[in-house]
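A short write-up of the structure that comes next.
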Amino acid sequence: MNEFIGIGKAKKMQEAIRPYLGQPGTAKQPEAGDERFIDVDRLIQIARRQAKLVVLFAAIGLLLGVTRLVFATYYYTAGTSVLIDDNLSRFAGDVSPAPANMESDKKIMSQVAILRSSSLAAKVVDRQQLYEKHEFVNPPLSVTQQIKGLAKMAMDVFAGKGTEMADADSLDARKGAAVAVLMENLRVEQQPQSFVIDLYYTSTDPTLSAQIANAYAEAYLSDKLDANFDASQRATVWLRARLTDLKDQSQEAALKVERYRTENGLTSAKGALLSEEQLSDISGQYILAQADSAKALALYNQYKAIVAAGQQTAVDNAATVSEQQGSTVIATLRARYLAVTKRAQEIEGRFGPEHPQAITLRREQDDIGRQIFLELKQMTESYRNQYEVAVSREASLKEGLSRITGQTSAANESLVQLKDLERNAEAISDLYKTYLTKYQETAQNQSFPISEARVISPASPPTEASSPKRTLTLGGSLMLGAIFGIGLGLWREIREGTFRLGDEFTTLGLKFLGYLPPIPGATRPSPDDERKLIANPDVETMRFAVKSGGTKFTETLRHAKIVTDTMLGSQNCKVIGVVSVLPGEGKTTIAANFATLVASSPAKVLMIDADLRRGSLTQGLGIRFETGWTEALAGTTKWQDTLVVDPQTGASLLATPRQVKVFNTSELISGPSMATLLEEARSMFDYIIVDLPPIGPVFDAKAFEPLADGFLLVSEWGATPRALLKSTLEQEPAIAAKLLGVVLNKADQEKLSTYGGLGSSEKLYSRYASYYLEHGEPIMKARGRRRRKARVHLSKEL
């Protein structure tokens with residue numbers, strides 16, 4: 001790069017591409033509130049990555065469901081509905097009032113308990129003779145029931161329980177077994193907010209299940225009729241005996257009343273005692289006499305006051321008296337008195353008071369006044385006589401009342417006892433009438449074969465099995481398999497600890513240089529096949545970047561070269577170490593391709609195979625050599641004499657002989673001889689690419705760090721553990737400080753899109769693919785063809 005731009009331009013380019021290279025700590029941090037939201041895009045990515053796993057387990061679950069349906073025992077459930085209707089008893093008696101909600105619930109639950117009772121089940125067994133039907137007593141068991149039975153038997157054996165069984169041929173044992181089977185397969189439920197009870201029976205035979213359900217309903221109705229009849233019969237017998245006792249008690253109580261009345265002379269007329277009637281009459285008369293006396297006294301006092309006031313006052317009050325008493329004499333005298341008074345006033349007004357006629361009229365006026373006064377005096381005397389008569393009558397009635405009251409008091413003491421006897425007799429008589437009525441009603445109810453329940457929906461043989469449900473079983477199996485697959489997929493995602501995206505390196509403060517797809521035809525060697533592949537190296541893989549210039553692989557390495565030139569632009573020769581954390585991540589292949597790509601720029605490139613323990617670079621390039629550069633470090637020859645030139649790319653190589661075992665490798669590549677070699681090589685080459693051993697297993701890369709200008713880190717896609725890389729860089733801060741960037745090798749371009757976020761470059765890789773060509777064809781098509789050729793070639797070599 002220094003051939004085309006100067007140091008100043010290199011710094012400007014470094015600043016320009018810095019946003020694309022990434023800086024430590026520049027990764028986007030989640031906002032404070034991001035954790036409250038679900039990352040839908042991430043969930044979609046996980047679903048795409050684990051879709052095959054989920055589909056696989058869903059298919060396994062579906063297969064298990066089909067297997068269960070094939071080998072399962074099918075059960076059929078028939079049901080009937082019974083209505084608890086109190087109105088049905090209206091023919092036998094009065095309709096009962098509607099019970100409260102709580103009482104009705106208790107009543108329904110009581111009927112449910114009756115339907116579930118063993119006594120009713122025993123009646124059904126006897127009527128249908130179910131104990132004689134082998135298919136009922138010993139139905140075929142499902143696989144689950146067989147497993148439970150075997151487990152129970154095993155537990156009984158280990159627990160030391162006796163295995164003695166009752167005589168299976170006895171009638172009671174067979175009936176007991178039939179009752180147990182019947183109750184186990186019976187289900188009784190109340191329909192919500194109603195008086196309807198649903199009764200279901202499950203059996204392997206649909207006809208038998210309907211038959212038993214209907215028989216159960218009939219047995220329940222018969223049981224209610226029998227119960228009503230038995231209760232009525234017991235009540236009738238008890239009421240009959242009770243009525244006999246009550247009749248005798250009622251007669252005895254009535255005789256006691258009559259004897260007591262006769263003995264104490266408590267004769268009555270019209271329902272009451274004679275003394276009581278006399279006392280009532282005299283009391284009424286005495287009250288009237290008191291009223292008459294008071295009235296006579298009032299009139300007497302009124303007239304006495306008028307007469308005592310004088311003649312003139314009597315004349316003035318004559319009008320009032322006449323109106324109150326209706327006296328015609330006083331009214332006539334009063335009218336004459338007023339007429340004379342008026343005539344006298346007219347004469348006096350015309351002729352004067354001394355006129356003879358006026359004097360005559362005044363005399364007549366006085367005479368009429370005296371007549372009125374005398375009349376009032378006579379009336380006063382008359383009222384006095386009336387008052388005296390009323391007082392005398394009142395005293396007489398009072399004396400009679402006192403006499404009658406004494407007689408009545410004596411009779412009342414006996415009357416209290418009489419009334420107590422009458423009440424006792426009346427109570428016994430009423431109780432006798434009540435029991436007689438109840439006895440007649442109970443005796444009548446025995447002739448009514450009516451119960452408070454009826455069947456509203458008889459059972460019919462079911463056409464489909466109730467268990468297992470085909471749709472439910474298949475759907476549940478499919479869902480459970482999918483759920484298990486989802487759980488396993490989530491577990492894999494949670495356990496995912498390798499690098500899949502370039503952004504994951506930026507969180508560690510590393511520059512991400514790009515993805516390197518697998519080289520077509522190259523395979524990752526296993527430890528067992530490693531020696532075979534080294535004996536037959538694929539030299540095309542080591543020079544793939546030069547021969548396939550338009551591929552994504554080559555473009556990523558070009559990007560790495562630009563970054564290297566930008567960050568190390570001030571140096572004439574750049575010593576770059578290619579390292580990885582673990583073996584097998586492809587660092588040797590990347591080092592060879594990077595060196596050959598730089599050599600084609602053109603530039604003078606020296607490759608040093610510093611992995612002295614394995615020599616993979618030397619073997620991979622397939623270049624023949626006489627002596628290795630380790631001999632030059634030992635001082636037996638000059639390093640220039642060990643140089644080998646690649647005839648295809650022009651790059652030079654310091655090879656390592658495979659057969660030589662070197663154990664003090666860190667001392668060799670970090671000693672004075674190595675420093676001298678690099679110092680001399682800097683004057684001859686523009687780039688020195690050093691293939692170093694992995695950082696994890698050996699100390700060589702750390703020992704070489706002072707001699708290197710920078711390091712290129714190779715990480716394998718989906719294989720390099722994040723924790724290991726992080727801890728390694730933390731333990732080797734000197735190497736971390738000189739890291740130029742990281743390339744993610746062997747990245748599966750098809751799966752890569754499932755890890756990229758919405759709008760990321762990984763997500764849009766399919767749109768970039770048309771720009772990556774290989775021999776004039778799109779890379780994806782060419783890759784498949786080259787992969788097939790590589791397989792054929794590898795099979796021939798093996």
Side-chain angles (χ1 to χ4, degrees), residues 73-92 99 104-140 142 175-230 448-472:
T73 300
Y74 287 86
Y75 294 91
Y76 299 87
T77 300
T80 181
S81 299
V82 179
L83 173 64
I84 308 301
D85 191 358
D86 293 338
N87 293 327
L88 294 177
S89 61
R90 66 181 182 273
F91 298 104
S104 62
D105 291 341
K106 291 181 179 179
K107 181 176 181 180
I108 296 300
M109 295 309 296
S110 299
Q111 300 304 314
V112 171
I114 293 174
L115 285 167
R116 292 174 179 170
S117 64
S118 58
S119 60
L120 188 61
K123 292 180 180 180
V124 175
V125 169
D126 290 336
R127 292 180 181 180
Q128 299 295 322
Q129 295 185 348
L130 297 177
Y131 53 86
E132 299 292 347
K133 298 181 180 179
H134 182 270
E135 68 276 7
F136 174 81
V137 179
N138 297 309
S142 62
K175 287 185 178 181
V179 169
V181 173
L182 183 63
M183 296 182 64
E184 182 181 0
N185 297 318
L186 180 70
R187 190 173 82 252
V188 182
E189 297 176 354
Q190 176 193 0
Q191 291 187 8
Q193 305 297 326
S194 69
F195 289 89
V196 178
I197 301 176
D198 294 329
L199 190 148
Y200 301 98
Y201 187 80
T202 303
S203 173
T204 56
D205 185 357
T207 304
L208 181 62
S209 61
Q211 178 183 350
I212 294 177
N214 289 324
Y216 221 106
E218 294 176 0
Y220 170 69
L221 297 180
S222 300
D223 181 73
K224 288 187 68 67
L225 289 175
D226 295 341
N228 292 337
F229 179 79
D230 293 341
F448 282 91
I450 298 176
S451 65
E452 298 177 353
R454 61 188 177 95
V455 177
I456 61 174
S457 179
S460 58
T463 57
E464 294 184 1
S466 59
S467 176
K469 296 285 188 181
R470 292 184 176 87
T471 304
L472 183 62

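Considering CD1 of Ile212 and CG of Leu186, their distance stands at 9.5 Å, rounded to 0.5 Å.
Nearest heavy-atom pair across Ala213 and Ala78 is CB-O, 3.9 Å. Nearest approach of Ser118 to Val179, heavy atoms of both residues: O-CG1, 4.3 Å. The minimum heavy-atom distance between Ser209 and Tyr76, with the atom names listed, is CB-O, 3.7 Å. When every heavy atom of Leu120 is checked against every heavy atom of Ile114, the shortest pair comes out as CD2-O, 3.6 Å. Contact record, Ser117 with Met183: C-CE, 4.4 Å, taken as the closest heavy-atom pair. Minimum heavy-atom separation, Ala217 to Thr80: CB-CG2, 4.0 Å.
Residues Val82 and Leu199 form no side-chain contact, since every pair of their non-hydrogen atoms from C-beta on lies 4.5 Å or further apart. Side-chain atoms of Leu182 and Tyr201, non-hydrogen and from C-beta on, do get closer than 4.5 Å to each other.
Listed by chain and number, the residues in a salt bridge (Lys or Arg N to Asp or Glu O under 4.0 Å) with Arg187 are Glu189 (sequence neighbours excluded). For Asp205, the salt bridge (Lys or Arg N to Asp or Glu O under 4.0 Å) test picks out no residue, with sequence neighbours left out. Take Tyr216 and apply the side-chain hydrogen bond (donor to acceptor under 3.5 Å, both in side chains) test, not counting sequence neighbours, and it matches no residue. Annotation: side-chain hydrogen bond (donor to acceptor under 3.5 Å, both in side chains) contacts of Asn185 (sequence neighbours excluded): none. Applying the side-chain hydrogen bond (donor to acceptor under 3.5 Å, both in side chains) test to Gln190 and every residue at least two apart in sequence or in another chain returns nothing. With sequence neighbours excluded, the residues satisfying side chain to side chain contact (heavy atoms under 4.5 Å, CB included) with Asp198 are Ser81, Gln191, Val196, Tyr200. For Glu218, the side-chain hydrogen bond (donor to acceptor under 3.5 Å, both in side chains) criterion is met by no residue, not counting sequence neighbours.
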Exercise. Take Ile84 and Ile108 through the side-chain contact (heavy atoms from CB on, under 4.5 Å) test and state the conclusion after the steps.
Key: CA-CA 8 Å; Ile84 308 301; Ile108 296 300; 4.0 Å; yes

Quiz prompt | Stepwise side-chain contact (heavy atoms from CB on, under 4.5 Å) check, Tyr220 with Gln111 | solution = CA-CA 9 Å; Tyr220 170 69; Gln111 300 304 314; 2.5 Å; yes

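Listed by first and then second residue, the salt bridge (charged side-chain N to carboxylate O under 4.0 Å, His left out) pairs involving residues 112-127 are Lys123-Asp223, Asp126-Lys175 (not counting sequence neighbours).
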Just list the side-chain donor-acceptor pairs under 3.5 Å for residues 462-471, sequence neighbours left out, or say none.
{"residue": "Ser466", "atom": "OG", "partner": "Tyr75", "partner atom": "O", "Å": "3.2"}
{"residue": "Ser466", "atom": "OG", "partner": "Thr77", "partner atom": "OG1", "Å": "2.7"}

